Amino acid sequence: MTAPELRRHAPIRNWKSLLTEAYSSSAAQYWSRLLLWAALLVYSTLLIKHHFQLILEVLPLDIFEPAMLLITGLIMDGGNPYRAEYLPIYTDVYPALYNVLVAPLAGVFGNTLVLHRAVNAGMLLISCGLCYRSLRHLGVDKLYALCSAAMLYAALLHYSTPVASVNGLGHCLYMACLLVPLAAGFSHRSLIFSAVFGVLAFFGKPYFIAAPAFLAMYLLWRVSLLSAAAYALLVLVLLGASVGATLLIAPYYLDTTIFAMHGATAFTRDENHLIKQLLDFLAVYASLILAILLAGTAALRVPAAKGAIQVRGLEYFTFMLLGGTLAVGLVLGYNRGNYLTYLFQLMSPFLLLAAFLLVHRSQRTLPLLLPLLFMGFWQTWSLLPTHTSPERTSWEVLEEKIDQHEHIFANEIVAHLLNAKGKKLYQGALSQHFHFSVFKPVLLRREESARSVRSISARYIRETNEMIGRKFFDLVLLRPGKWGIIGASPTGWPFEKGHGQAEFLKNYEKVDTLQLPYPERRGGGMRKIDLWKPRLESDGHKFK
């Protein structure tokens, strides 16, 4: 190359060299880390503030939150929601392990929404702590481990996970089942621990049984056939024994927690809902995914000898992310009754773990990645709505009406108010799901007709209709358009409009409609409820 050509190309090489040196200099690294620490502090503070607002809200944040109060209260009184004498009023479509754990605390602090949300908050923080400890075990910088935990915290604050529900406990057990064996190098003791916690995760929320299934497949792929077979056998033995023991004391456990939920979600299956969720998930993590691509490219230059443990961790996280994605795409994501919760619970943890492991391995590129990480903070924060307390006037009017009446048939939306005021329940928060238990394998149906789901439902409907016929209820609270005793029912069941409507309208008349505002969040909004009184034609019954 001639001298003029060298001079012509030298500035280009110098520019590239200067740019590389600028981004990899100690000063650039120092200021980038300082800015990331500052952003993390602000981000975490906002998340904690938002979570405190959720915990302290006195109104329900979800229409199924009252169920947690009812079931916990029943357990505190020595009842069992999976026995025939409590069905269908105290139907619980979720495992009661969470309620059993909360019951002693409720006996001390009161069975309130605040207590339930606070307990759930503790479970969410444990999940985030497991995320942090996993990265620290792999040698990841404390800053990046905290960023991963904080972004997982934001994901778990969305929609139904942080409310009074079984989600927090189930997810905590799911994370422990998968992350403890990795930290222990898949030792025998850690696999036994994982098997126990995997079965407990099933009793936290059934779909979290995916955790030991994922781990067994990973053991088969990367450890050994013997380890995978022994682990799978242990899980199956523990699961079979625990389910068998549960059914001895809770005969209708599978009816309500497995078959009822499966039957109900079959009516809400929607392929478009799955596609929308996947697209929204990609949008939320778009900047983080781009950061993964950039950091991953840079991390390829890191010698394998220096990051052998990290490489194994990255492989493991990627495998579990794939497993969670398949579970969502093949089974869970079609349920219209939930939005992004399954994706944030099963996919987000391992996407975040993999992302910040790669960021750590390519630390010299942090100045380049910083804008993408800032955008990731913003995208996950902006997903959470600004929480405001709604106007309580309508709720106060409703509570006043409840105080004035004794025998109240109420919609699931206000079941917790009746329970708190010591009113007898004639329909619980999840009663409308019980009849979906009929959608179960024929071999598992009870031979004794009096103990079958159909018989229990029919008896309940008959007795309630008899009370309507003699105007036993002095106040009825129903959602508009829901004439039957149970608000939702599959086609062909006797509580559709055509069966209970005529008798009900013959004996009751609508006197008012209340608009019940919920806090501003997904699943919130406005709920209408109609107030009905007994007609006066025949018995002179007076409505107060």
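What you see is a predicted model; the values in this text were computed from it and never measured.
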In terms of side-chain heavy atoms, does [X] have a donor or acceptor partner in [Y] at a distance below 3.5 Å?
X	Y	result
Tyr153	His51	yes
Thr72	Asn99	yes
Asp62	Tyr159	no
Ser287	Gln379	yes
Ser160	Thr341	yes

Exercise for review: Determine the sole option in Arg136, His360, Arg361 for which the side-chain contact (heavy atoms from CB on, under 4.5 Å) test with Tyr144 is passed.
Suggested key: His360
Closer than 3.5 angstrom, by distance alone: can the side chain of [X] be matched with the main-chain N or O of [Y] as a donor-acceptor pair?
X	Y	answer
Gln277	Leu340	yes
Asn120	Thr161	yes
Gln29	Arg364	yes
Thr257	Pro95	no
Ser242	Leu239	yes
Thr256	Tyr252	yes
His171	Gln345	yes
Thr365	Leu368	no

Review point. Hey, mind stepping through Tyr43 and Thr380 against side-chain hydrogen bond (donor to acceptor under 3.5 Å, both in side chains) and telling me if it holds?
Key: CA-CA 10 Å; Tyr43 178 66; Thr380 49; 2.6 Å; yes
Can you give me the closest heavy-atom contact between [X] and [Y], atom names plus distance?
X	Y	answer
Cys177	Leu215	O-CD2, 3.9 Å
Leu238	Val199	CB-CG2, 3.8 Å
Leu219	Ser227	CD1-O, 4.1 Å
Leu234	Ala195	CD2-CB, 3.6 Å
Asn338	His273	O-NE2, 2.6 Å

Practice item. Could you label the plane-to-plane angle of the Phe350 and Tyr316 rings as parallel, tilted or perpendicular, counting under 30° as parallel and over 60° as perpendicular? Key: perpendicular
Review point. Would you call the rings of Tyr86 and Tyr90 parallel, tilted or perpendicular, where under 30° means parallel and over 60° means perpendicular?
Key: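 Taking Tyr90 first and then Tyr86, their aromatic rings stand perpendicular (interplane angle over 60°).
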Check whether any side-chain heavy atom of [X] sits under 4.5 Å from a side-chain heavy atom of [Y], and report yes or no.
X	Y	value
Ile71	Tyr98	no
Leu152	Tyr132	no
Met347	Tyr342	no
Tyr218	Phe186	yes

Review point. Step by step, would you call Arg117 with Glu57 a salt bridge (Lys or Arg N to Asp or Glu O under 4.0 Å)?
Key: CA-CA 10 Å; Arg117 294 178 193 142; Glu57 175 55 59; over 6 Å; no
